[in-house]
Amino acid sequence: MNDIVKPFTVIAVSCFLAFIGKAQTVPVYQDMSAPVEDRVEDALSRMTLEEKVALLHADRSYGAAGVPRLGIPENDLTDGPSGMRPEMVWQTWAHAGMSSDSCTAYPALVCLAATWNPDLGYLFGRSYGREAVYRSKNMILGPGVNIFRTPMNGRNFEYMGEDPYLTSEMAVSYIKGVQSDHVAACVKHFAVNNQETGRTTINTVVDERTLHEIYFPAFKTAVQEGGVWAIMGAYNKFDGQHCCHNRYLLKDVLKGQWGFDGVVVSDFGGTHDTKEAVENGLDLEMGTDLGSVEAFRRYKLADPYLEMLRSGEASMEELDDKVRRVLRMLFRTKMSGRQPWGLLASETNMAESRRIAEEGIVLLKNDADILPLNLSDMSRILVVGENACRIMSRSGGSSEVKSKYEIVPLEGIRTRVKDSVDVIWQPGYMSDATPEKVDSLRKEAIMAAHDADVVIYVGGLNKEPGQDCEGVDRQSFNLPYMQDELISGLAATGKELVLVMISGNSYAMPWINDVHALVQAWYGGSEAGSAIAAVLFGDVNPSGKLPFSFHKSIGDCGANALGAYPGDGKKVEYSEGIFVGYRWLEKKGIEPRFAFGHGLSYTDFKYGKVRIDHKRISADDSLTVSVSVTNSGNLPGAEVVQLYIGDKVSSLPRPVKELKGFRKVFLAPGQTAEVSFVLHKDAFSFYDPGVHRWVAEPGGFSVMIGSSSSDIRGRADFVLE
């Protein structure tokens with residue numbers, strides 16, 4: 001497959017005038033060498049009132065008008081944090097049926113988070129950004145950074161796990177990758193959007209400390225470290241006001257405290273009141289009411305806003321601030337003059353997608369080192385499960401991707417083993433089958449297992465409503481389609497049984513003690529099957545780590561245990577506060593099924609003693625933490641060294657430990673790496689709502705180094721003076 005290229009997007013008039021030596025006659029806003037703020041002010045001064053308002057609302061499904069008279073291009077958005085949706089028929093949600101919009105499907109963001117590798121976050125963002133540029137998109141609606149509060153959230157697969165630090169680090173790298181080629185990333189959904197149940201009406205009740213410690217950090221880091229150019233509001237309400245025009249969230253925090261200079265975009269149909277939208281910080285309104293020019297003119301930031309301006313009910317200062325933000329984004333993207341050619345569904349992009357999928361796969365269990373599989377020891381492999389043949393990228397709601405192709409697990413396995421081993425497939429279950437048919441399929445699969453040397457079960461969830469899908473939450477913590485009975489039946493045959501589970505969420509595992517190996521493979525994109533096969537047969541040594549805890553039962557999750565999910569239909573109270581994920585489990589002394597940060601390898605890693613450069617530090621000092629890590633096994637591999645901080649005594653309740661650093665190191669057999677972390681005041685601080693700021697209290701702390709939150713290999717104590 002040859003790489004496909006497209007010419008630069010440029011302002012033709014500006015380039016022509018520059019070529020003939022008359023660049024000095026180009027208006028400032030067209031001069032791509034001029035500072036962005038100068039260009040913004042020049043363009044703003046030339047626009048009519050009607051042109052300004054037209055910039056602030058959609059005029060089709062995924063776009064908003066430019067200013068044709070001034071040569072200012074339209075804003076073109078693409079949905080999906082893991083690849084582009086198909087092109088739509090203008091002013092409709094119908095697929096256009098084009099033959100030129102097929103693209104690369106990248107792994108779901110939960111898979112990216114499972115790599116624990118910010119370098120891959122940058123690679124992911126840049127690769128995807130190249131595809132967006134090729135299709136003339138200047139904004140990607142992603143990444144999603146909402147925290148996993150409960151495994152019942154149907155949209156968790158679009159996010160990056162339960163920990164704000166991990167999410168922040170991975171999101172920043174993704175943003176920088178996307179924006180390196182002058183495409184705007186749009187971080188979503190701000191804020192406290194952690195369930196799909198009642199998502200457009202539910203009022204979330206969250207205390208100030210929990211907001212700042214759990215649900216704000218990824219957004220704040222995206223702004224202040226990632227320099228993100230756009231942020232999308234959430235559907236839900238916070239403190240009784242819709243998030244897409246919530247004064248506290250958008251004006252006070254985002255644009256005020258954090259200094260965000262980009263565009264606040266509404267979620268589609270998430271704008272409900274013109275006055276609030278105008279005064280509370282919304283800049284660009286997207287919607288779901290399509291079909292005609294008149295429909296778009298009814299948007300809250302369209303004709304209703306124009307009427308307020310003409311009557312004097314709305315200020316020109318507020319309008320100009322919004323227009324500046326939209327212009328700033330255009331001059332950073334389409335009118336920057338620095339966008340690359342772009343690549344679409346190229347060999348390069350597919351290879352990068354595969355690398356991310358491979359590195360995100362997590363080996364959860366591997367009894368007796370059954371993996372990697374040795375083909376010389378077998379003549380027949382039985383693959384069981386509908387997910388072995390199911391294409392996942394083209395469903396799931398707004399995250400659907402029009403992938404040029406998707407290698408399913410069965411295809412990946414067959415391609416890898418070639419003709420050396422017979423590979424037989426049995427569905428075992430079907431998502432659209434009756435209970436009677438499922439019973440028949442289960443019996444057929446179990447019978448076939450008796451004639452196999454090894455059984456590879458490929459199951460889990462899919463992207464149908466009620467599982468991992470936008471718009472609705474999961475119906476059950478258990479696997480659907482009677483998979484638990486099927487897995488138990490396969491285990492009872494006594495054959496070696498390897499489970500490859502596809503999902504973006506955790507699930508119950510009543511059969512866990514009866515299976516030999518368990519591989520968590522997520523939604524892997526275009527090269528999903530190739531990545532899975534590479535791990536199963538040892539071409540790739542798994543190095544992924546869980547970005548969230550796997551509970552033994554749904555009652556082990558704080559939100560569910562407290563009856564604080566999904567709320568009463570009108571509001572949902574975050575009663576667990578800051579104790580989300582492993583923080584809750586450790587507070588309550590609950591053992592997880594698999595801990596946050598857990599992930600096995602085909603080799604072993606030995607940790608040295610944890611060393612710190614000072615036993616006592618002041619709040620203005622930094623603390624350097626070091627540890628040596630050795631690959632003590634026989635294969636090359638990668639380990640994620642995780643650093644947690646514990647506060648021994650605090651005036652407010654704090655978690656037992658909190659992730660404050662991680663490094664992924666790649667080591668040859670026998671090789672040792674020295675891993676160091678430099679910690680500052682923020683690593684020891686908590687948010688004190690009594691004084692409305694972060695504080696670092698004097699006292700004793702522990703720094704813990706481990707391979708997961710429950711596998712701590714060493715620690716050292718110090719005193720903060």
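The model shown is predicted, which means the values in this text are computed figures rather than measured ones.
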(message) Pairing donors with acceptors under 3.5 angstrom, does anything connect the side chains of S127 and Y106?
(response) yes

(request) Spell out, as yes or no, whether a donor-acceptor pair under 3.5 Å connects the side chain of D267 to the backbone of G270. (result) no

(message) One thing to verify: whether E359 and K545 come together as a salt bridge, which I'm taking to mean a side-chain N less than 4.0 angstrom from a carboxylate O.
(response) no

(message) On a heavy-atom basis, which atom in P118 and which in F662 lie closest, and how many Å separate them?
(response) CD-CE1, 3.9 Å

(request) Answer whether the closest heavy-atom distance between the side chains of H189 and Y235 falls below 4.5 Å. (result) no

(message) Using the rule given for side-chain hydrogen bond (donor to acceptor under 3.5 Å, both in side chains), can you reason through S61 versus Q91, listing the C-alpha separation, both sets of side-chain angles and the distance that settles it, and then say yes or no?
(response) CA-CA 5 Å; S61 52; Q91 295 188 347; over 6 Å; no

(message) Checking Q257 against D252: is there a side-chain donor and acceptor pair closer than 3.5 Å?
(response) no

(message) Check this for me: does any side-chain nitrogen of one of E279 and K251 sit under 4.0 Å from a carboxylate oxygen of the other?
(response) no

(message) Within the structure provided, determine whether F157 and L109 are in side-chain contact (heavy-atom separation under 4.5 Å).
(response) no

(message) I'd like to know if the side chain of E318 pairs up with that of Y305 as donor and acceptor (distance under 3.5 Å, no hydrogens or angles considered).
(response) no

(request) State whether E51 and R69 are salt-bridged, where the test is any N-O pair (Lys NZ or Arg NE/NH1/NH2 against Asp/Glu carboxylate O) under 4.0 Å. (result) yes

(message) Can you see whether F677 has K660 sitting over its ring - NZ or CZ less than 6.0 Å from the centre and within 45° of the normal?
(response) no

(request) Under the side chain to side chain contact (heavy atoms under 4.5 Å, CB included) rule, what do V265 and I231 come out as? Steps first, then yes or no, please. (result) CA-CA 6 Å; V265 184; I231 285 183; over 6 Å; no

(request) Show your working on side-chain hydrogen bond (donor to acceptor under 3.5 Å, both in side chains) between Y405 and E527 and close with a plain yes or no. (result) CA-CA 8 Å; Y405 67 82; E527 291 282 338; 2.5 Å; yes

(message) Please find the pair of heavy atoms, one from S395 and one from S399, that lie closest to each other, and give the distance.
(response) O-OG, 4.0 Å

(message) Would you compute the distance between atom SG of C103 and atom OH of Y128 and round it to the nearest 0.5 angstrom?
(response) 7.5 Å

(request) Hey, could you give me the CD1/OG1 distance between I361 and T115, rounded to the nearest 0.5 Å? (result) 12.0 Å

(request) Could you walk me through whether R324 and E41 pass the salt bridge (Lys or Arg N to Asp or Glu O under 4.0 Å) test, one step at a time? (result) CA-CA 8 Å; R324 283 188 182 97; E41 294 305 318; 2.6 Å; yes

(request) Using only heavy-atom distances, determine whether the side chains of Y62 and D79 contain a donor-acceptor pair under 3.5 Å. (result) yes

(request) State plainly whether the residues E285 and K322 are in salt-bridge range, i.e. N to O under 4.0 Å. (result) no

(request) Answer yes or no: is there a side-chain heavy-atom contact under 4.5 Å between N75 and L330? (result) yes

(request) To the nearest 0.5 Å, tell me how far N117 CG sits from I356 CD1. (result) 9.5 Å

(message) Donor-acceptor check, side chain of N194 to backbone of N146, threshold 3.5 angstrom: yes or no?
(response) no

(message) I'd like to know whether D101 forms a side chain to side chain contact (heavy atoms under 4.5 Å, CB included) with R135, so could you lay out the CA-CA distance, the side-chain angles of the two residues, the decisive distance to 0.1 Å, and finally the verdict.
(response) CA-CA 8 Å; D101 60 347; R135 276 175 49 185; 3.7 Å; yes

(message) Tell me the closest heavy-atom pair linking W93 and T288, and the distance in Å.
(response) NE1-O, 3.5 Å

(message) Regarding N156 and D468, do their side chains bring together a donor and an acceptor under 3.5 Å, going by distance alone?
(response) no

(request) Apply side chain to side chain contact (heavy atoms under 4.5 Å, CB included) to the pair F124 and S82, showing each step before the final yes or no. (result) CA-CA 9 Å; F124 189 125; S82 299; 4.3 Å; yes

(request) Measure the shortest side-chain to side-chain distance between L123 and L120 over non-hydrogen atoms and say whether it is less than 4.5 angstrom. (result) yes

(request) Report yes if some heavy atom in the side chain of K255 is under 4.5 Å from a heavy atom in the side chain of V264; otherwise report no. (result) yes

(request) Mark yes or no for whether S266, through its side chain, and M286, through its backbone, hold a donor-acceptor pair below 3.5 Å. (result) yes

(message) Would R39 and Y29 count as a cation-pi pair here, with the cationic atom under 6.0 angstrom from the ring centre and within 45° of the axis?
(response) no

(message) For K137, is there any backbone N or O sitting under 3.5 Å from a side-chain donor or acceptor partner on D76?
(response) no

(request) Determine yes or no for a side-chain-to-main-chain donor-acceptor pair under 3.5 angstrom, with K188 supplying the side chain and G233 the backbone. (result) no

(request) Find out whether S398 and E158 are in side-chain contact, i.e. whether some heavy atom of one side chain is under 4.5 Å from a heavy atom of the other. (result) yes

(request) Please report the shortest heavy-atom distance between D283 and L56, naming the atom on each side. (result) O-CD2, 3.3 Å

(request) Could you go through the ring pair (Phe, Tyr, Trp, His ring centres under 6.0 Å) check for W694 and F216 one step at a time? (result) CA-CA 13 Å; W694 291 85; F216 277 177; over 10 Å; no

(message) Please report the interatomic distance CZ(R126) to CG(N349), rounded to the nearest 0.5 Å.
(response) 11.5 Å

(request) Kindly indicate, with the supporting measurements, whether the criterion ring pair (Phe, Tyr, Trp, His ring centres under 6.0 Å) is fulfilled by W522 and F548. (result) CA-CA 13 Å; W522 319 110; F548 59 92; 5.8 Å; yes

(request) Determine whether Q179 and V228 make a side-chain contact, defined as any pair of heavy atoms from C-beta on separated by less than 4.5 Å. (result) yes

(request) To the nearest 0.5 Å, tell me how far L249 CG sits from C244 SG. (result) 10.0 Å

(message) Within a 6.0 Å radius of atom CZ on R85, are there more than 12 heavy atoms belonging to other residues, nucleotides or ligands?
(response) yes

(request) Please step through side chain to side chain contact (heavy atoms under 4.5 Å, CB included) for the pair V133 and N138, ending with a clear verdict. (result) CA-CA 7 Å; V133 169; N138 66 311; over 6 Å; no

(request) Give a yes or no on whether a salt bridge exists between D289 and R298, defined as a side-chain N under 4.0 angstrom from a carboxylate O. (result) yes

(message) Can you confirm whether R297 is buried at CZ, in the sense that more than 12 heavy atoms of other residues, nucleotides or ligands lie under 6.0 Å from that atom?
(response) no

(request) Could you tell me whether the side chain of R663 reaches within less than 4.5 Å of the side chain of W116, counting heavy atoms only? (result) no

(message) Can you give me the closest heavy-atom contact between L284 and A64, atom names plus distance?
(response) CD1-CB, 3.9 Å

(message) Checking S393 against S403: is there a side-chain donor and acceptor pair closer than 3.5 Å?
(response) yes

(message) Between R60 and E74 (salt bridge meaning N to carboxylate O under 4.0 Å), is one present in this structure?
(response) yes

(message) Could you measure the distance from the OG atom of S336 to the CE atom of M32? Nearest 0.5 Å is fine.
(response) 8.0 Å

(request) Go through the side-chain N and O atoms of K664 and S543 and say whether any donor and acceptor fall under 3.5 Å apart. (result) yes

(request) Look at the aromatic rings of F296 and Y299 and report parallel, tilted or perpendicular, splitting at 30° and 60°. (result) tilted

(message) What I want to find out is whether E400 reaches R394 closely enough, with some N-O distance under 4.0 Å, to be called a salt bridge.
(response) no

(message) I'd like to know if the side chain of R328 pairs up with that of T333 as donor and acceptor (distance under 3.5 Å, no hydrogens or angles considered).
(response) no

(request) Check P547 against A114 and note the closest heavy-atom contact, atom names and distance. (result) CD-CB, 4.0 Å

